[in-house]
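Working notes, beginning with the structure itself.
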Protein chains: 2
Amino acid sequence: MARRFRGESHHKVDNKGRVSIPASFRRVLEQGDPSYTEGLNPELVIVYGDHRRNYLECYTIQAINEVDLKIDALPRGSMERRMLQRLFHGQSFPTAVDETGRLVLPSKLRTKIDLESEAFFIAAGDTFQIWKTETYETEELAKTEAWLDKLPEDFDPLVYLDNMGQE
Amino acid sequence: MARRFRGESHHKVDNKGRVSIPASFRRVLEQGDPSYTEGLNPELVIVYGDHRRNYLECYTIQAINEVDLKIDALPRGSMERRMLQRLFHGQSFPTAVDETGRLVLPSKLRTKIDLESEAFFIAAGDTFQIWKTETYETEELAKTEAWLDKLPEDFDPLVYLDNMGQE
DNA sequence: ATGAATGACATGGGAATTCATGGTAATCAA
DNA sequence: TTGATTACCATGAATTCCCATGTCATTCAT
């Protein structure tokens, strides 16, 4: 089974904040939760960040543990450590998938990203993101479009796959 | 269940100094108290430090035990040991959560951090902090802003997670 | 092949429980 | 005895739990 999220999809959000997680994402969450076993509900951590961020980033337990280890390795009292602690320990919300495969987003989180009736899930490597559909379309897509527009007509982004570690 | 605190939230403080602890923090306090059992109230230790510190740092019993062990390992009579003893043994306050999930902050502690009607709780790894809401907003956030301003426009603090152990 | 049975998935509703918060009475210490 | 601390009770709002339904895609027996 894959350890990485892949794919994107739209899901309804009801007025209790419940929203289905794409089934394939659930498999990854299960894999990434050391204490998960058949029949249980995988846990995960939602990092929402400060006011500048308008989406939710979801981490498997494994992924967040790795982050924690890195934070612990930074010198106590350093600004870097404080910043990261605030983000990953403070501005985050630990939760679990429920038995019907849903996540419950408390209104605090929904309000933060202005989520109403539909959420957009998109994989991002070892995490996935939850956006308000409209936000994603207007902001993210526009941003990428603009970026691509600056490049030559026939530019292929795949070149980035090749020249790595040499610049 | 997690042994680490995660999340942040605001809570009312009444004129008796009572304040609800975020429910998820309570779960961690329960986990971290060796003598806790279902139905009991978990204990914890609040470290308030000297006059320079304007927030309260809360430790689970386990966490404070680990600190104690480390202090015991320092040479008797050393300055380091004395300093740490003053902080963790002297400038601290052992207490317990009450049956309704609240903490009672004696006026000495409230005065120290100038706490009035609202407290801000924020996780910090294996401890959590209690701030006066306004203090946190003006001091902590301002400090971060200032720090971020010194960095390049498009700098992402998350790089600190990656280039570790190589500089 | 084909209609029926199976099972995972997305979504909804209501009841039961937990939470955050406030008030009052009882207890304590000086 | 008086101000403070602790124990008890109360309540609305939010959250969790449990159950139900519709839709696919897959399997299976005929």
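Proteins come first, then strands; the chains are lettered A, B, ... in the order of their sequence lines, and each starts at number 1.
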In whole angstrom, give the distance that lies between atom CG of A:N41 and atom C1' of C:dC9. 15 Å

Working to the nearest 0.5 angstrom, can you tell me the gap between A:L44 CG and A:T60 OG1? 8.5 Å

Let me see the working for B:T144 and A:R86 under side-chain hydrogen bond (donor to acceptor under 3.5 Å, both in side chains), right down to the final yes or no. CA-CA 10 Å; B:T144 319; A:R86 175 173 321 135; 2.8 Å; yes

Rounded to whole Å, the CD1-C1' distance (B:I21 to C:dC19) equals 13 Å

Quickly work out the A:R26 CZ to C:dT11 P distance and round it to whole Å. 11 Å

What is the separation between atom CD on B:E99 and atom C1' on C:dT21, rounded to the nearest whole Å? 15 Å

Do A:F88 and A:Y59 have ring centres separated by under 6.0 Å? yes

Please give, in whole Å, the distance from D:dT21 P to A:D14 CG? 18 Å

Give the residues of residues 101-111 of chain B touching DNA chain C, defined as any heavy atom closer than 4.0 Å, sorted by residue number. B:R102

Out of the candidates B:Y55, B:Y136, B:W131, only one should pair with B:F120 under the ring-ring contact (aromatic ring centres under 6.0 Å, His included) rule; please name it. B:Y136

A:K12 NZ to C:dA10 P, in whole Å, measures 13 Å

Is B:R18 near enough to D:dT6 that one of its side-chain N or O atoms lies under 4.0 angstrom from OP1 or OP2? no

Quickly work out the B:K16 NZ to D:dA4 P distance and round it to whole Å. 13 Å

Set out, in order, the CA-CA distance, both residues' side-chain angles and the distance that settles side-chain hydrogen bond (donor to acceptor under 3.5 Å, both in side chains) for B:D33 and B:Q62, then state yes or no. CA-CA 6 Å; B:D33 182 351; B:Q62 248 174 43; over 6 Å; no

Is there a side-chain contact between A:V97 and A:R26 in this structure, where contact means two heavy atoms from C-beta onward sitting under 4.5 Å apart? yes

Write down the distance between CG (A:D98) and P (C:dA10), rounded to a whole number of angstrom. 12 Å

